Each structure stands twice: as C-alpha cells, then as structure tokens.
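Working notes, structure below.
Everything numeric in this text was worked out from a predicted model, so none of it was measured. All chains are named by letter (A, B, ...) in the order of the sequence lines, taking the proteins before the strands, and each is independently numbered beginning at 1.
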Amino acid sequence: MAVGEVVTVRVDLAMIHDSGGPRRVAPLLAELGTGLHNPDQVVLISDHYVPGDSDEGRQILRFTRDWAEREEVVFHDSQGICHIVLPQQGHLRPGMFVVGGDSHSCTGGAMGAYMFGVGATDMAGVLATGETWIKVPGTIMLEWQGVLADGVGAKDMMLHTCGLIGMDGGEYQAIEYSGDTITRLPIQERMTLANMAAELGAQAGLIAPDKVTTEFLAAIAAHDSNHYSRSLELPDAAELCTDTDAELLRHHRLDASALQPQVAAPHSPANAMPVSDCGNTAVDVAYIGACTGAKYHDMQAAARVLGKRRIAPGVRMMLAPASLQDQQLAAADGTLQTLQDAGAQLLPSACGICAGYGADRLAADTVCISSTARNFKGRMGDPASQVWLGSPMTVAASALTGRISDPREFLATVQ
Amino acid sequence: MSGRIFLLGDNIDTDQLAPGQYMKGGIEALARHCLETARPDFADTVAVGDLIIAGRNFGAGSSREQAAEALKYLGVAGVVAQSFAGIFYRNAINLGLPVMSGQLPDSLTDGEVAELDIELAILQLSDRTVALEPLPDNIIAILRDGGLIAHLKKRFA
Ligand code: SF4
C-alpha cells in the first residue's frame, strides 16, 4: 500500500450515536434494501440528545432505542459521551480499524486503534458491507519532548499545536504523537490529544500502544460488569509503532517544558495564545464538559485548581462529566464534591451545550471559557456568544476570578 | 454542463455551508442559508451547473453531511479547492458531489463560465484549461453513479 493510494479496507468495528446514527442510516439501509452486514461489529451510544429534554430529543432517543432493539446491536444508552464510553466499555484495542459516525472518532487513536469519523452515507456503506474506502494516509509526527509544568496539560498541547499548524495542519493524514512527554501521559490525557486531532484536520491521531495502554485495557478486562472487552491478546506493540526510519510527511518537534497554559479566542481553536496574552477577558460562564475536557482526569485537574475556594460571584460554572463511569470515579474520591462545593452545577453526562443542545445553550453576548474542543461561531448557542477554549484547569481558574486566568497561580497556593 | 464560478476564500467551514441553527428545517431550509455568512447572495443566485472555487481547507469543521448535501441540493456541479477538510471530502464523494483539488491560478474571476471534467481532471474555462489532481477510478465510479448509495445499490441489486 502506497501513501495516497485509495484502497478498500475491512472494518473491525463501527460506532454510531443517536444524532448521526439510526435516524440517518436507517433510511439509507432501507434504500439499499439490505440490513447490517454484522450487528456484532456495531456499537450504538446515545449521548447527543440525552437527557431528552425536548420533544425532538425524546423522539430521536425513542427511534434510537427501537432501532437498537430491532437490529440487536450493542447499545450503551445514556452512559456518557460516545468517544469515552467506547473505550471504557472495552470495545477498542490496539491495531483495530474502526470508523465512528462523529468527527471526534479519532479519540480511539489513544488506544492505538486506527479510528476516524465518517458521515451517515459513509456509515451506511460500512454497516451494509463491513468495509470502506480510504486514501492511505501519510504520517505527520508531532514529537513532544520534555516535562510539562504543573498546571499545563494535553489540552494546552493541542491548542498550542492548533495555533502552530492550523486547523488544516493535519492535512487529513495520520498524526502520530511521540516523544517522552507522550510516554509519560496517562491514558485520558492521551485521549485529549487523539480527540483534538480532529481540530488539526487529521484523519487519525495515533499514540503507539505501550505499558499505559496495556494497563488501561487490563483494568477494563478485570472489571466484572464488562461484557465487551475481548481477549487481551495484544498485538506486538513494536509492530504497531512507526518504524524509526519511516518516511514522514512532516516532523514537528515541540518542547513541552516551555509550554504555558493556552487559550483559544473565539471563533477558532487555531486562535491559540498563552493565557497571559488574553488581556484578562471577563467570563460569564465556565464550562467543564465534552469528550475533550470532562473526563475523570480533567475533573481531578479542575478540582485541584479549585481547592476549597468558591467561584466568583456572577459566574455560572457548569460540569457535564464525560461519562457516568467517570462521574462515579469523581464522586468516589471527593473530586465531584470539590467541584460542586466550588459552585459547579452538575449537568447530565452527555454532549449538552458542546453540541448546542439543551436549555443551557449560551445566550447572546455571553462569554464562556470552555474545556470543549471547538469554539466555532454559534456552536454552543447564540451566534453572538463568545467561546474561549482552555484546559479544565484554566476553566476552573477563570471561574474563580471571573476572568480568563492562569491556573498555575492557584496551584501554587492550594488551600 | 457548464456554469458560473463562485470564488470563495480559505477555511469555508461546515457551519457556513450548513448553519447549525437551521439544521432542524430539513435540507431545503438549510440550503437557503448555505454560505450566507460568506456570500449573502449565494443561495438566491446559484444555478444548476455552477461551481465553487475555494482556497484551502474547504469544508472544515463538523462531520455533518448536510454541508455537502446543501451544495448538491442547490445544483452545484462541483467544488474545486486548493485543499479539502477530510470528512467533508469523503461526504461529498459519497453523496456524489464532485470535489477536486489543485493549484488554482489567481486569474480566475467570480462569475466566469467554467466546466468541471472529473474524468480528465480539468477545469475548462472559455479561454484556458486548469489541470487538477486526477481522482482514482473507484472514486470516479462512485461519483459517476451519483454517490455511494446509488453505487452500492448496483451491488445489492
Ligand atoms: S461532547 Fe462535543 S465534541 Fe464530544 S462528541 Fe459530543 S458534541 Fe462532539
């Protein structure tokens, strides 16, 4: 297979959600006059219209549930955001070739799976045939060396990279994250990196499987309630790494030790800058949510910044945990309590306002600092709302002051 | 079939092609607002056979297929851009909307008459020809059939 060649590939697993899934693919499958090629290779997750707080949402969820039952696919209903639920339920392993009906499907790259997002028509083709076409990608290496400062994390790395190479810097190729900074990152931080490969315009965002990956997978398999983790026979990790002499399309070398907390100004993740450059912008809403920024690790990081403080008067802080499992972990160790004591309002574990849904959509002229991946105009509510992106720690620090703030100041003085 | 060209810049994203707030109204309503932020006159003036010529990263943003569907609905015969965002590119091909990339000369003018030939990989203007990057045969086959569903229908027939 040569880079750039168009090839047909067998798909190991297809992930769909309530928004882009059944209601969009069912009519297409009907038009094709065929059913699912293999229901065992389909995972359905409801997250976009959860909790069903509108008539439309309820209808879509009903349709989704009926379809799941009829087609006998694996269905995780209202368990959290698809990109987080999928690996947590043991569906992903290194070396798999997976498609997802959502643009952040590249999150699966954190587990060493080649996973990417497709639209409904593409998905209908996959569901009907078990295969798809792909242009063999070249590799863009993002090599990070050095130790991140306390208060700086994966989200900052990604916003910085968005600013550096732009939203098309990934050229719809495969990005690989490498270097000693990456090796030290826990799995959920790796998921943030892989997730935001979408904002770089890459098809996939891969991290070579290593001990961190294997331990994550082993922990899932050990969990009794998990029926889906398959055998833990992992392919030889060395085989899943890019050869050291492989030809790279580009090779970016980045210094983690020099990185400061980053924010991205409205309306693009590429409008990245160090938080110190944003001119003390005042915020009305602080949002810790989304697959990108409300995982257990993200909540822990935010809680560390908050300590025992309360958020500034006039600021509304919302928390929508990325999955119920993560919410439970955060509840068990007091993280959730810290966040709520600080003034965070707990929302359903779902896409919520990241997808522009629900009663909490941002109103006109609202300024929001958000742990989500995208701040396109109008995405989270009114087109006249202003969304800044930052790490969960930066969101927490900003909630405390009412202005976009550097979390390092608070970590230095944790109460 | 020839048409006029609409010249657009870099980074035309899926929110501009299919604005989120009109997603509920179905493709007809959505298409009416297609590109209204970049070209307020677009939906009213575009005619069947017209082409979009754009810069880098056309179709960036979400995976919503309506971005390509809206263009097809309005009769756009193809998009030629310096580069495409990948999911949009896939969606367009799967919906049967020709998308071709290439280095575009600065001399192209808005409203100029042109025709896109996907098999020869050229943009034919009245007085000159612009060579584009050729598409592989299997992609041309999908486009010729009018999209992936029509293409697969043949297979399941
Ligand atoms: S949380 Fe946001 S980015 Fe993640 S899947 Fe949902 S809508 Fe997409």
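Note that CG of Asn57(B) and CE of Met167(A) are 7.5 Å apart. Values are rounded to the nearest 0.5 Å. Once rounded to the nearest 0.5 Å, the distance linking CG of Asp13(B) with NE2 of His267(A) reads 11.0 Å. Separating the CG atom in Asp168(A) from the CZ atom in Phe58(B) is a distance of 14.0 Å, to the nearest 0.5 Å. For the atom pair Met23(B) CE and Ser19(A) OG, the distance stands at 7.0 Å (nearest 0.5 Å). Going from atom CZ of Arg379(A) over to atom CG of Asp15(B) covers 7.5 Å, rounded to the nearest 0.5 Å.
Using a 4.5 Å cut-off between heavy atoms, Tyr89(B) touches chain A through its side chain atoms alone. Residue Glu199(A): no heavy atom, backbone or side chain, is found under 4.5 Å from chain B. Arg155(B) touches chain A through its side chain: at least one heavy atom from C-beta onward sits under 4.5 Å away, while N, CA, C and O do not. At a 4.5 Å heavy-atom cutoff, the contact between Gln66(B) and chain A is made by side-chain atoms alone. Ala198(A) does not touch chain B: none of its heavy atoms, backbone or side chain, sits under 4.5 Å away. Using a 4.5 Å cut-off between heavy atoms, Gln16(B) makes no contact with chain A at all. With a threshold of 4.5 angstrom between heavy atoms, Asp122(A) approaches chain B through its backbone and through its side chain. Contact annotation for Leu135(B): neither backbone nor side-chain heavy atoms come within less than 4.5 Å of a heavy atom of chain A. Looking at Gln203(A), only its side chain comes within 4.5 Å of chain B, counting heavy atoms on both sides.
At least one side-chain heavy atom of Leu32(A) sits less than 4.5 Å from a side-chain heavy atom of Ile149(B).
Contacts with chain B were tallied for Phe376(A), Phe116(A), Tyr172(A); Tyr172(A) has the most, counting heavy-atom pairs under 4.5 Å. Among the candidates Gly20(A), Ala120(A), Ser268(A), Gly170(A), the residue making the largest number of heavy-atom pairs closer than 4.5 Å to chain B is Ala120(A). When the candidates Leu28(A), Leu29(A), Thr129(A) are compared by the number of heavy-atom contacts under 4.5 Å with chain B, Thr129(A) comes out ahead.
Each of Leu152(B), Asn94(B), Asn91(B) was compared with Thr121(A) under the side chain to side chain contact (heavy atoms under 4.5 Å, CB included) criterion, and only Asn94(B) meets it.
Residues Gln21(B) and Pro383(A) come closest through the heavy atom pair NE2-CG, 4.0 Å. Residues Gly125(A) and Leu148(B) share a closest heavy-atom pair of CA-CD2, 4.0 Å. Looking at every heavy atom in both residues, Lys24(B) comes nearest to Glu56(A) through CE-OE1, 2.9 Å.
Residue-environment remark: CZ (Arg39(B)) exceeds the threshold of 12 foreign heavy atoms within 6.0 Å. More than 12 heavy atoms of other residues, nucleotides or ligands shown are found within 6.0 angstrom of CZ on Arg128(B). Heavy-atom neighbours of Asp127(B) CG from other residues, nucleotides or ligands within 6.0 Å: above the threshold of 12.
Side-chain N or O atoms of Arg90(B) include one that pairs as donor or acceptor with a backbone N or O of Trp133(A) at under 3.5 Å.
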